[in-house]
Student: 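Quick one: structure below, then a few questions.
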Number of protein chains: 2
Amino acid sequence: MKSTTTKGSNAYAAACPTRVVLDRIADKWAVLILGLLQEEPIRFNRLRKQIEGISQKMLSQTLKKLERDGLVGRKAIPTVPVTVEYSITPLGRTLSAMLDGLRVWAETHIEKVLIAQKRYDSGSRGSR
Amino acid sequence: MKSTTTKGSNAYAAACPTRVVLDRIADKWAVLILGLLQEEPIRFNRLRKQIEGISQKMLSQTLKKLERDGLVGRKAIPTVPVTVEYSITPLGRTLSAMLDGLRVWAETHIEKVLIAQKRYDSGSRGSR
DNA sequence: CAGAATCCAGCTCGATACTG
DNA sequence: CAGTATCGAGCTGGATTCTG
């Protein structure tokens with residue numbers, strides 16, 4: 001934890017809002033989940049199948065965090081085997097809108113990144 | 001690795017561009033570094049002091065990744081104790097511009113998030 | 001169906017020491 | 001100054017099992 005005493009020369013203090021939000025969105029599962037819920041409410045197991053590679057544990061954990069942050073809503077429908085529907089909240093939607101920008105950036109610039117990587121890797125011979 | 005066989009019903013395959021970019025920006029240090037370099041080129045130890053809580057190791061690692069992705073440039077100036085200046089590339093700048101949106105979102109909505117958290121925490125009594 | 005609990009392999013990351 | 005190398009604690013996250 002530390003003190004977070006105003007050291008003065010820190011551009012990014014540990015407690016700034018950016019850090020808090022970053023701790024949330026610096027979680028690829030959270031970003032992917034928000035992206036899906038943006039379109040429509042989805043049930044737990046459905047989400048699980050939609051997101052390749054996520055485990056039940058991570059999905060559960062991530063949803064809980066997102067719910068805690070007020071970014072997604074949880075609605076338990078008392079059917080026989082209980083059904084739970086997750087949806088994005090208005091707040092979550094504003095964030096997801098920002099993230100859309102990121103998704104667009106990804107698709108637009110991914111190629112340049114991959115090229116840069118290739119060049120970097122071939123340049124530093126001998127490493128590894 | 002796994003197969004990544006086109007399963008068909010996966011909205012987010014493991015290999016899509018979003019995932020790749022996410023693996024990069026889902027790294028709070030990377031985001032913070034880009035934010036700083038956006039303003040001006042900075043030397044290694046200077047960066048270290050500017051970003052509260054980052055270790056020398058993480059800084060070094062993260063810079064290397066960012067350089068590999070073509071998002072930041074590295075220029076070694078052959079002074080006596082060598083000086084290395086990191087700067088953001090045009091490509092990095094376009095990404096950082098997106099991230100600015102995120103930073104703005106953070107400052108704008110952080111309060112709502114914190115309120116939601118407080119409500120959530122007080123609601124789930126007994127947990128723990 | 002939706003999740004909680006447990007176990008544990010593996011990666012992350014900080015601390016420390018050393019180099020060019 | 002700008003790193004690299006190594007070690008170890010701790011967290012992450014997958015697999016599995018169990019419950020309402």
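Here is the naming used below: chain letters follow the sequence lines, and residue numbers restart at 1 for every chain.
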Student: Please pick, from C/dA4, C/dA2, C/dG3, the nucleotide with the shortest atom-to-atom distance to any side-chain atom of A/Arg74.
Tutor: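 The answer is C/dG3.
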
Student: Expressed in angstrom and rounded to an integer, what is the separation of B/Leu59 atom CG from D/dA2 atom C1'?
Tutor: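 Spelled out: CG on B/Leu59 to C1' on D/dA2 is 10 Å.
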
Student: Starting from P on C/dA2, measure out to OH on A/Tyr86 and report it in whole angstrom.
Tutor: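 Rounding to the nearest Å, OH of A/Tyr86 and P of C/dA2 are 8 Å apart.
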
Student: Compute the angle between the rotation axes at the two ends of the helix from C/dC1-D/dG20 to C/dG20-D/dC1, each taken over five pairs, rounded to 10 degrees.
Tutor: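 Comparing the first five pairs with the last five, the axes sit 50° apart.
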
Student: What integer distance in Å separates B/Lys49:NZ from D/dG3:P?
Tutor: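 Atom NZ in B/Lys49 sits about 14 Å away from atom P in D/dG3.
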
Student: As an exercise, state the distance from CZ of B/Arg103 to CE of B/Met98, rounded to the nearest 0.5 Å.
Tutor: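 These two atoms lie 11.0 Å from each other.
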
Student: Can you list everything that forms a side chain to side chain donor-acceptor pair (under 3.5 Å) with A/Thr94? Sequence neighbours excluded, please.
Tutor: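 For A/Thr94 the side chain to side chain donor-acceptor pair (under 3.5 Å) partners, ignoring immediate neighbours, are B/Trp105.
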
Student: If a protein heavy atom is under 4.0 Å from the base, mark B; if only from the sugar-phosphate, S; if neither, -; do that for nucleotides 13-20 of chain C going 5' to 3'.
Tutor: BBBB---B

Student: Find the distance B/Lys64:NZ to C/dT12:C1' and express it as a whole number of Å.
Tutor: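 Atom NZ in B/Lys64 sits about 15 Å away from atom C1' in C/dT12.
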
Student: For A/Ile54, does its backbone N or O pair with a side-chain atom of A/Arg48 as donor and acceptor, under 3.5 Å?
Tutor: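 Judged by distance alone, no pair lies under 3.5 Å.
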
Student: Between A/Ser60 and C/dA2, is there a contact of a side-chain N or O with OP1 or OP2 at under 4.0 Å?
Tutor: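 Answer is no, no contact under 4.0 Å.
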
Student: Are B/Leu99 and A/Leu102 close enough, and set up right, to give a side chain to side chain contact (heavy atoms under 4.5 Å, CB included), and what steps lead you there?
Tutor: CA-CA 8 Å; B/Leu99 298 176; A/Leu102 227 47; 4.0 Å; yes

Student: Salt bridge or not between A/Lys118 and A/Asp121? Use side-chain N to carboxylate O under 4.0 Å.
Tutor: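 Looking at A/Asp121 together with A/Lys118, the answer is no, because their closest N to O distance does not fall below 4.0 Å.
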
Student: Do any N or O atoms from the side chain of B/Thr89 and from the backbone of B/Gly70 form a donor-acceptor pair under 3.5 angstrom?
Tutor: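 Such a contact is found between B/Thr89 side chain and B/Gly70 backbone.
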
Student: Once you round it to whole Å, what is the distance between C1' of C/dA2 and CD of A/Glu85?
Tutor: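 A/Glu85 atom CD is separated from C/dA2 atom C1' by 13 Å.
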
Student: Measure from CZ on A/Arg48 to P on C/dA2 and round the result to the nearest Å.
Tutor: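 Between P of C/dA2 and CZ of A/Arg48: 10 Å.
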
Student: So, does B/Ser60 use its side chain to make a donor-acceptor pair with the main chain of B/Gln56 at under 3.5 Å?
Tutor: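 No.
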
Student: Determine whether a donor-acceptor pair (N or O, by modelled atom type, separation under 3.5 Å) exists between the side chain of B/Ser96 and the backbone of B/Gly92.
Tutor: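 Flag not set: sc B/Ser96 to bb B/Gly92 has no pair under 3.5 Å.
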
Student: Considering only side-chain heavy atoms of B/Thr83, which listed nucleotide, D/dT4, D/dA2, C/dG3, is closest?
Tutor: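 My answer, after comparing the listed nucleotides, is D/dA2.
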
Student: For B/Lys75 and B/Ile77, what are the C-alpha separation, side-chain angles and deciding distance, and is it a side chain to side chain contact (heavy atoms under 4.5 Å, CB included)?
Tutor: CA-CA 6 Å; B/Lys75 182 165 106 185; B/Ile77 302 159; 4.3 Å; yes

Student: Round to a whole Å and report the spacing from CZ of A/Arg46 to P of C/dC1.
Tutor: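 Taking atom P of C/dC1 as the reference, CZ of A/Arg46 is at 12 Å.
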
Student: Starting at atom CG of A/Leu32, determine the distance to atom P of D/dG13, rounded to an integer number of angstrom.
Tutor: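 So the two atoms are 13 Å apart, to the nearest Å.
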
